[in-house]
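Data first, discussion second: the structure below is written as structure tokens.
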Amino acid sequence: MTKLLGISGSLRRGSYNSWLLRAATRLMPPESTLAVASIRGIPLYDYDIEVQGLPAAVSQLKDAVVAAHGVLLVTPEYNNSLPGVFKNAIDWLARPSADIKRVFGGRPFAIIGASPGGFGTILSQTAWLPVLRTLGTQAWSGGRLVVPRAANVFDESGALKDASVVEQLRQFLAGFVSFVRRPGA
Ligand SMILES: Cc1cc2nc3c(=O)[nH]c(=O)nc-3n(C[C@H](O)[C@H](O)[C@H](O)COP(=O)(O)O)c2cc1C
């Protein structure tokens with residue numbers, strides 16, 4: 001069984017990115033699962049907090065990342081870049097720095113995202129790449145999923161109703177799972 005962890009970079013109720021992640025949990029290939037994690041409860045990074053001990057929300061998310069075979073970041077786009085709240089969570093996961101290798105080093109990560117605009121988080125996804133590279137992940141670039149015009153692809157309950165996006169998401173997940181399972185990984 002291949003176990004992925006998905007993290008939505010949005011805190012808001014009715015988040016398109018959280019809805020996209022929920023849809024992804026139902027489109028995984030055979031013999032694989034996608035668990036949903038949250039960045040809720042993670043404080044703003046502060047070294048003075050860190051030296052008192054990692055906040056519980058950070059430790060829990062770190063443990064979940066380490067336990068997964070691969071991690072899917074589902075990112076909004078803010079001002080043509082990645083959201084600060086999401087970056088803040090990843091920054092916490094990289095503390096203490098001695099843990100970076102264990103949490104991120106050589107580990108498969110992939111990025112998708114949804115936005116109500118026309119470009120579907122492409123600039124945000126690109127902005128994540130130097131972060132993932134710095135942390136030493138194996139960022140998967142074999143597929144790309146940008147979901148523009150998000151207001152049109154989900155129904156009022158948050159279900160993914162656009163058949164083309166469903167198929168793109170299914171193929172993206174199959175490709176990422178194959179990468180996670182690649183020989184020698
Ligand atoms: C501070 C801020 C900046 C934003 N900048 C962009 C942007 O550059 N590109 C874009 O497509 N959407 C932008 N948006 C709109 C978001 O894509 C939209 O709020 C989206 O719903 C956020 O994702 P969520 O639904 O998962 O919360 C911005 C929103 C905020 C709050």
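The basis for the numbers below is simple: all heavy atoms, side chains too, and nothing from hydrogens, waters or symmetry mates. Counting starts at 1 for both ligands and their atoms, in listed order. Bear in mind the structure is a predicted one, so any value in this text is a computation, not a measurement.
Considering backbone and side-chain N/O atoms, Ser18 never comes within less than 3.5 Å of an N/O atom of ligand 1. Of the N or O atoms in Ser81, none lie within a sub-3.5 Å distance of an N or O in ligand 1.
Given atom 22 (C) of ligand 1, the protein heavy atom at minimum distance is Pro76 CB, 4.0 Å. Distance from atom 17 (O) of ligand 1 to its nearest protein heavy atom, with residue and atom name: Pro116 CD, 3.2 Å. Looking only at protein heavy atoms, the nearest one to atom 8 (O) of ligand 1 is Asn80 N, 2.7 Å. Annotation: atom 11 (O) of ligand 1 to nearest protein heavy atom, Ser115 OG, 2.8 Å. The shortest contact between atom 31 (C) of ligand 1 and any protein heavy atom is with Tyr78 CE2, 3.9 Å. The protein non-hydrogen atom at the shortest distance from atom 6 (C) of ligand 1 is Glu77 O, 3.1 Å. From the protein, the heavy atom lying nearest to atom 23 (O) of ligand 1 is Asn17 ND2, 3.3 Å.
Only the side chain of Ser10 comes within 4.0 Å of ligand 1, judged by heavy-atom distances.
Inter-residue side-chain proximity for Ile7 and Phe86 is flagged as met; some heavy-atom pair is nearer than 4.5 Å.
For the residue pair Ser157 and Arg22, the shortest heavy atom distance occurs at O-NH2, 2.9 Å. Nearest heavy-atom pair across Asn17 and Gly113 is OD1-CA, 3.3 Å.
No side-chain N or O of Glu77 forms a donor-acceptor pair with one of Ser81 less than 3.5 Å apart. Between Ser124 and Thr121, the side chains place no donor N or O within less than 3.5 Å of an acceptor N or O (distance only, hydrogens not considered).
By the 6.0 Å and 45° rule, Arg12 stacks over the aromatic ring of Tyr16. Annotation: cation-pi geometry not satisfied between Arg107 and Phe104 (NZ/CZ under 6.0 angstrom from ring centroid, within 45° of ring axis).
Salt-bridge annotation for Lys87 and Asp91: present, with a side-chain N of the basic residue lying under 4.0 Å from a carboxylate O of the acidic one.
Considering each of Leu21, Val74, Asn79, the one bringing a non-hydrogen atom nearest atom 1 (C) of ligand 1 is Asn79.
Remark: atom 27 (O) of ligand 1 lies closer than 4.0 Å to at least one protein heavy atom.
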